[in-house]
Amino acid sequence: MKYNFKSIEKKWQKYWTENNTYKTKIDLDKKKYYVMDMFPYPSGEGLHVGHPLGYIASDIYSRFKKLKGFNVLHPQGYDSFGLPAEQYAIQTGQHPKTTTEKNINTYRNQLDKIGFSFDWSREIRTSNPDYYKWTQLIFIELFESWYDKNQDKARPIDDLIRIFNKSGNQQLTSSTTKNTLKFSSKQWSDFSKENKENILQDYRIAYLAESEVNWCPELGTVLANDEIINGVSERGGFKIEKRLMLQWNMRISAYADRLLNDLDKIDWSSSIKETQRNWIGKSIGVSMNFNIIGHDNSIEVFTTRPDTIFGVSFMTLSPEHELTLKISINENRAEVQEYIKFASNRSEKDRISEVKKITGVFTGSYAEHPLTKKKIPIWVGDYVLASYGTGAVMSVPCGDQRDYNFAKHFDINIPNIFKDKDISYEAFVDKENFELQNSSFLDGLSFDDATNSIISRLEKDGTGTKEINYRLRDAVFSRQRYWGEPFPVYYVNGVPKIIEKKYLPIKLPDVEKYLPTESGDPPLGRAKYWAWDEKENKIVSKNKIDNKIIFPIELNTMPGWAGSSWYFLRYIDPKNSSKICSNEALDYWSNVDLYIGGNEHATGHLLYSRFWTKFLYDREIIPFDEPFKKLINQGMILGSSAIIYRLSGTNKYISKDLLKNEDVEEIHVDVNLVNFSDELDIEGLKKWQPIFEEAEFVSKNNVFMVERKTEKMSKRWYNVVNPDLICEDYGADSLRLFEMFLGPLEQYKPWNTSGIVGTHNFLKKLWKLYVDESGIKVKNIKPELDNLKTLHKTIKKIESDIESYSFNTAVSNFMIAVNELTDQNCVSSEILSPLLIILSPYVPHITEELWSLLGNQESIIKESFPNFEKKYLKEESKIYPISINGKVRLKLELSLDLANKEIEKIIMTNDNVLNKLEGVKPKRIIIVPGKIINLVI
RNA sequence: GCUGAAGUGGUGGAAUUGGUAGACACGUUGGACUUAAAAUCCAAUGGAUAGUAAUAUCCGUGCGGGUUCAAGUCCCGCCUUCAGUACCA
């Protein structure tokens with residue numbers, strides 16, 4: 001019997017589906033284990049071999065945990081709202097729902113071929129109304145909450161209104177939008193309804209605010225900070241402008257400290273924790289006021305270097321600062337105005353690419369130094385950001401490089417407050433190894449001493465307070481798009497009102513075209529039925545809007561991260577129609593034990609879902625405050641592009657091995673036209689693209705060699721490898737093994753199909769270990785000692801490999817085991833049936849088939865991962881001579897059974913040692929802690 | 001610039017955490033089987049020197065130092081690559 005992977009895999013995949021093998025239920029007798037993958041966005045291009053990498057690892061891990069006796073939840077779904085489907089809809093007029101569904105089917109077909117143990121009965125899709133109903137509900141909860149800094153948690157907005165009624169907001173500490181109006185309970189009760197709502201917006205966690213946003217004209221929408229890379233949009237690489245718009249926002253800044261501190265509670269890679277720490281960007285410093293000479297206003301600045309206060313020689317305001325124009329003197333005002341305009345027209349990209357270009361203008365006004373009372377000129381410069389700190393800085397040119405450059409450029413005085421430090425070329429920016437000078441009572445002090453001293457002085461004078469600043473901004477939550485969750489919000493006289501929870505979901509309306517409207521409204525502006533009837537509580541035609549009973553509904557939709565921020569909660573109880581998930585399910589399944597996915601979501605999805613989880617915890621909807629206990633970031637699989645050389649300006653191509661110093665261009669060709677030895681199929685190439693039909697190929701013996709280059713797998717480079725073809729040629733088990741064998745899960749690694757014959761050969765060898773021409777050859781006989789050794793060594797290794805997520809070394813250990821057992825001619829079922837069990841997480845199809853062929857021969861229980869026995873693990877002591885400084889020594893490595901015995905005894909009892917010593921008695925025995933003993937002869 | 005990760009044969013990568021570096025696999029070379037090819041099986045495969053040979057010796061984990069009986073692994077100083085971030089006061 002031959003190993004026929006095609007029929008075997010088909011057979012078992014069918015069997016698993018028909019028997020609902022992977023359906024999971026709550027089982028209180030078993031411990032739970034929750035393994036989750038980052039769910040895919042179903043793009044039109046389908047899967048390439050890089051996509052399933054993480055899924056294979058999580059599948060192996062969850063199958064392994066099942067064998068260890070856990071009740072494992074291993075679900076899968078689709079992140080099916082998003083921009084590409086919408087852009088495709090704009091081009092073709094097809095409803096995104098249709099194309100999304102089509103893409104999902106393609107994905108599902110591809111995934112099914114790989115033999116995953118997903119519980120598909122729990123599948124979710126974020127674009128499904130049954131799902132986004134709950135996304136909308138969470139939005140409502142966020143809208144109806146505020147962040148109480150005293151209790152350090154989110155609370156219902158009704159509590160806040162009660163506080164306002166009782167005592168106004170003067171005593172309140174809460175996370176709010178900047179510069180919230182202060183009022184008493186009396187004033188509160190006198191406010192109009194609209195006014196009250198406007199004030200509440202400053203407190204709500206989901207709030208509407210006119211804020212400066214990243215506008216992308218090409219995409220016609222705003223983007224969050226994490227959707228922008230190097231000043232251009234992540235998707236498409238388009239230009240970004242700053243614009244003031246009325247937008248929904250998420251007050252994630254309220255959670256900054258908890259998001260930072262709780263990183264210590266979770267088992268994530270240090271790099272991703274560090275990325276989140278940087279993104280949150282906590283800095284501790286001092287906020288202080290500088291009075292403006294001849295004005296009532298003062299300028300508030302934030303600094304992390306209060307110790308350098310005596311080095312201040314000017315101040316700088318951001319162009320957007322509210323005082324910039326106000327304090328400019330008449331002679332300078334026109335110039336300042338022009339500068340503000342210039343700065344606002346500079347796009348994000350320009351600002352980043354021209355970092356070194358120094359621009360600024362003098363306001364003509366002066367501030368008073370709070371300690372020396374000296375006059376300090378106030379400048380405007382766009383190196384100061386409006387969005388960080390207070391939008392104004394005290395400039396210390398001797399201690400900050402940007403201040404230094406600015407001062408040099410505009411010829412401003414640079415006083416030196418660092419003793420014996422040369423500042424004639426650059427600022428001295430270190431926080432250590434200095435002593436202050438020219439700093440009055442701080443003279444002679446170090447950074448720490450000076451900082452403490454100045455802070456207590458400023459706090460005593462009332463001119464400054466200790467403050468913490470975060471880089472983390474509130475997240476913009478509106479998108480001017482069609483294919484996303486609609487907001488359950490309508491507008492009464494411009495004031496947002498929530499549609500009650502019981503009328504959810506608010507379904508996405510149909511539109512004729514998916515473009516923004518002519519007047520610039522988002523695509524939902526085209527929906528005919530998009531008005532809310534407050535009396536009937538239903539959606540009605542827009543024509544009926546009277547602003548008395550029938551009102552317009554929000555036209556924006558939610559961003560992509562809305563649906564993905566909480567999806568792990570839905571898997572545990574996906575069909576629940578009355579709640580996000582039942583308490584029973586929450587108590588049993590709890591949060592995710594192992595989460596596997598790419599690291600590109602470090603500052604997006606992974607931060608937002610932590611934020612929402614903490615919020616839901618605060619509001620007592622869920623009993624835990626972190627979503628993912630353990631996170632593994634799988635590295636990308638890179639493509640191995642094939643490149644041929646064309647003589648510049650001709651249609652003549654030279655084989656790689658014949659290339660000398662000719663002037664050539666590199667042309668990417670389809671990797672499927674190249675065999676394992678890097679030889680190009682020229683006939684295939686001619687058929688592939690018409691340009692090659694008439695081309696001339698220079699090669700030796702008709703063997704045309706290509707160059708290989710490792711780069712991201714992409715259609716553009718023709719280096720995409722489809723897993724379907726691999727399954728077709730070698731089978732899913734070979735693919736699963738090979739993807740793991742490529743290298744450590746977290747590492748970036750190139751794909752090279754030629755290597756797959758290795759894992760495929762291994763499976764053939766495995767097959768031959770059990771089956772020969774006449775059928776199954778496993779016998780119910782006692783195993784040899786060698787067989788037992790191999791088996792138990794392997795069990796131990798595999799277990800520790802999988803537990804430590806070293807999926808690649810486990811594959812090697814399987815290969816070693818099968819090679820050894822083949823050499824030993826092992827046929828004992830006592831060895832070969834446990835071997836199948838430990839292999840089954842990796843290669844479920846072939847092991848299932850062999851199990852069924854073994855019939856009743858198995859001598860152990862099928863369902864559990866076998867325990868290894870220590871007695872078979874003993875290895876012989878090793879001894880080897882070495883030479884150190886001319887002296888000969890013997891190195892002795894102790895075996896397990898000898899480790900705790902007397903030295904003399906070892907030499908006496910161990911044949912191996914005696915043979916090596918050949919009768920020579922050691923002069924001295926040196927015992928070094930550890931396993932090695934040095935014998936000096 | 002800052003932060004994080006990493007540099008090992010022709011290639012992907014192992015190395016029980018300080019103990020015979022290169023496991024396992026690909027590729028390459030040679031051999032067997034075959035009319036031939038494919039498939040399969042066997043052997044060799046880091047480099048250098050010596051030897052007909054078994055073998056022996058030396059050099060080898062990015063570079064330069066150090067600790068240690070012993071360093072791919074620990075310490076100090078560099079170089080390079082990848083990733084994240086970027087006027088954050």
Side-chain angles (χ1 to χ4, degrees), chain A residues 229-231 269-279 281-283 285-286 301-306 308 316 318 351-352 354-358 381-385 387-396 399-403 405-406 429 469-473 599-600 602-603 633 635-636 640 676-678 708 710 737-738 741-744 746-759 761-762 764-765 768 796-797 800 806 808-819 875 878-885 887 889 891-893 926 928-934 936:
Chain A
I229 311 274
N230 290 329
S269 72
S270 59
S271 79
I272 221 147
K273 284 188 179 183
E274 201 55 31
T275 306
Q276 291 210 343
R277 279 191 199 109
N278 292 339
W279 190 259
K282 181 178 185 170
S283 51
V286 169
V301 299
F302 172 76
T303 179
T304 54
R305 293 296 303 274
T308 63
T316 317
S318 69
R351 273 174 88 145
I352 288 170
E354 296 171 13
V355 164
K356 294 277 148 1
K357 199 168 150 190
I358 296 156
D382 73 352
Y383 79 94
V384 178
L385 301 176
S387 53
Y388 184 78
T390 60
V393 299
M394 59 173 223
S395 304
V396 184
D400 183 286
Q401 195 56 44
R402 291 153 304 166
D403 294 344
N405 295 343
F406 196 86
V429 297
N469 249 299
Y470 298 95
R471 208 190 77 112
L472 183 71
R473 292 296 118 73
N599 60 3
E600 65 273 22
T603 54
N633 299 115
M636 201 187 293
S640 175
F676 295 162
S677 313
D678 291 350
R708 289 286 192 170
T710 301
L737 267 183
F738 184 56
F741 184 70
L742 274 178
E746 307 197 57
Q747 198 168 298
Y748 278 57
K749 45 209 173 273
W751 176 271
N752 191 349
T753 307
S754 69
I756 200 165
V757 301
T759 54
N761 282 342
F762 161 75
K764 285 197 229 169
K765 271 189 210 162
K768 277 192 197 161
K796 186 182 154 95
K797 279 185 177 165
S800 75
S806 305
N808 56 326
T809 49
V811 180
S812 299
N813 286 324
F814 283 134
M815 291 176 173
I816 294 167
V818 168
N819 285 343
E875 302 224 344
K878 289 180 197 164
I879 188 158
Y880 37 92
I882 50 164
S883 136
I884 301 156
N885 300 335
K887 288 177 189 167
R889 293 171 187 226
K891 278 195 174 186
L892 170 65
E893 207 167 318
I926 303 164
V928 181
K931 290 181 262 174
I932 300 301
I933 292 172
N934 293 322
V936 184

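Below, chains carry the letters A, B, ... as their sequence lines are ordered, and counting in each starts from 1.
- A distance of about 12 Å separates the C1' atoms of B:G19 and B:U68, rounded to the whole Å.
- Side-chain contact check for A:Phe741 versus A:Ser812: some heavy-atom pair is nearer than 4.5 Å.
- Shown here for A:Val301 and A:Met394, the closest heavy-atom pair between the two residues is CG1-N, 3.8 Å.
- You'll find that the side chain of A:Thr275 is closest to B:G84, out of B:C24, B:G84, B:C26.
- We find that CD of A:Gln276 is positioned 16 Å from P of B:G4, with the value rounded to whole Å.
- Using modelled atom types, no side-chain atom of A:Lys765 and backbone atom of A:Asn819 make a donor-acceptor pair closer than 3.5 Å.
- Atom C1' of nucleotide B:A83 and atom CD of A:Glu746 are separated by 13 Å, given to the nearest angstrom.
- A syn base is found at B:U17: its glycosidic angle is within 90° of 0.
- Remark: the separation of the P atoms in B:C78 and B:C69 is 28 Å, to the nearest Å.
- The partner of B:G10 is B:C26, by the rule that a Watson-Crick or G-U pair needs both atom distances under 3.5 Å.
- Taking atom CZ on A:Phe814 and atom C1' on B:A25, their separation rounds to 15 Å, with Å as the unit.
- Atom CG in A:Asn813 sits roughly 11 Å away from atom C1' in B:U16 (whole-Å rounding).
- Contact check for A:Asn278 versus A:Thr275: no side-chain heavy atoms found under the 4.5 Å cut-off.
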Atom pairs under 3.5 Å, N or O on each side, protein against nucleotides 7-13 of chain B: can you list them with distances?
{"unit_1": "B:G12", "atom_1": "O2'", "unit_2": "A:Leu742", "atom_2": "O", "d": "2.6"}
{"unit_1": "B:G13", "atom_1": "OP1", "unit_2": "A:Gln747", "atom_2": "NE2", "d": "2.8"}

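- Looking at every heavy atom in both residues, A:Phe738 comes nearest to A:Thr759 through CB-OG1, 3.6 Å.
- Side-chain N/O atoms of A:Asn633 include none lying less than 4.0 angstrom from OP1 or OP2 on B:A83.
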Considering only nitrogen or oxygen atoms on both sides, find all protein atoms under 3.5 Å from nucleotides 39-43 of chain B and state each distance.
{"unit_1": "B:U40", "atom_1": "OP1", "unit_2": "A:Asn761", "atom_2": "OD1", "d": "2.9"}
{"unit_1": "B:U40", "atom_1": "OP1", "unit_2": "A:Lys764", "atom_2": "NZ", "d": "3.2"}

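- Comparing the P positions of B:A54 and B:A14 gives a spacing of 33 Å, expressed to the nearest Å.
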message: Test side chain to side chain contact (heavy atoms under 4.5 Å, CB included) on A:Trp279 and A:Arg473; report intermediate values, then the result.
response: CA-CA 9 Å; A:Trp279 190 259; A:Arg473 292 296 118 73; over 6 Å; no
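- Looking at heavy atoms from C-beta onward, A:Asp403 lies in side-chain contact with A:Tyr383 at the 4.5 angstrom threshold.
- You'll find that the side chain of A:Glu274 is closest to B:G4, out of B:A89, B:G4, B:U85.
- In B:G9 the base sits syn relative to the sugar, since the glycosidic angle is no further than 90° from 0.
- Taking atom C1' in both B:G64 and B:C79, the straight-line distance is 10 Å, to the nearest Å.
- Nearest heavy atom pair, residue A:Thr316 against residue A:Gly381, reads CG2-N, 3.5 Å.
- Shown here, B:U73 forms no base pair; nothing in the strands shown gives a Watson-Crick or G-U wobble contact with both key distances under 3.5 Å.
- Atom P of nucleotide B:A86 and atom CG of A:Asn278 are separated by 10 Å, given to the nearest angstrom.
- In this structure, A:Lys796 places its NZ atom where only 12 or fewer heavy-atom neighbours from other residues, nucleotides or ligands lie under 6.0 Å away.
- Look at NZ on A:Lys797: it is 14 Å from P on B:A14, rounded to the nearest Å.
- Rounded to the nearest Å, the gap between the C1' atom of B:U20 and that of B:G72 is 14 Å.
- Both distances falling under 3.5 Å, in either a Watson-Crick or a G-U wobble arrangement, occur for no nucleotide opposite B:U67.
- Pairing of B:U61, defined by two Watson-Crick or G-U wobble distances under 3.5 Å, is not identified with any nucleotide.
- Taking every heavy atom of both residues into account, A:Val384 and A:Gly391 meet most closely at CG1-O, 3.5 Å.
- Here the side chain of A:Asn469 pairs no donor or acceptor atom with the backbone of A:Ser283 at under 3.5 angstrom.
- Nucleotide B:G1 forms a Watson-Crick or G-U wobble pair with B:U85, both donor-acceptor distances falling under 3.5 Å.
- For A:Phe814, the ring-ring contact (aromatic ring centres under 6.0 Å, His included) test picks out A:Tyr842, with sequence neighbours left out.
- B:A39 and B:A6 have their C1' atoms separated by 40 Å, with the value rounded to a whole Å.
- Rounded to a whole Å, the CD1 atom of A:Ile816 is 11 Å from the P atom of B:A15.
- With C1' as the reference atom, B:G13 and B:G22 are 10 Å apart, rounded to whole Å.
- Partner assigned to B:U55 is B:A50, using Watson-Crick or G-U wobble distances below 3.5 angstrom.
- Only the P atoms considered, B:C87 is 24 Å distant from B:U81, to the nearest whole Å.
- Within the shown strands, nothing qualifies as a pairing partner of B:A15 under the Watson-Crick or G-U definition with both distances less than 3.5 Å.
- Whole-Å rounding puts the A:Tyr388 OH to B:U85 P distance at 18 Å.
- Between A:Ile756 and A:Asn599, the residue anchored closer to the 5' end of RNA chain B is A:Ile756, taking for each the nucleotide with the nearest heavy atom.
- Shown here, B:C33 forms no base pair; nothing in the strands shown gives a Watson-Crick or G-U wobble contact with both key distances under 3.5 Å.
- Within the 4.0 angstrom heavy-atom criterion, no nucleotide atom of any strand lies near A:Asn469.
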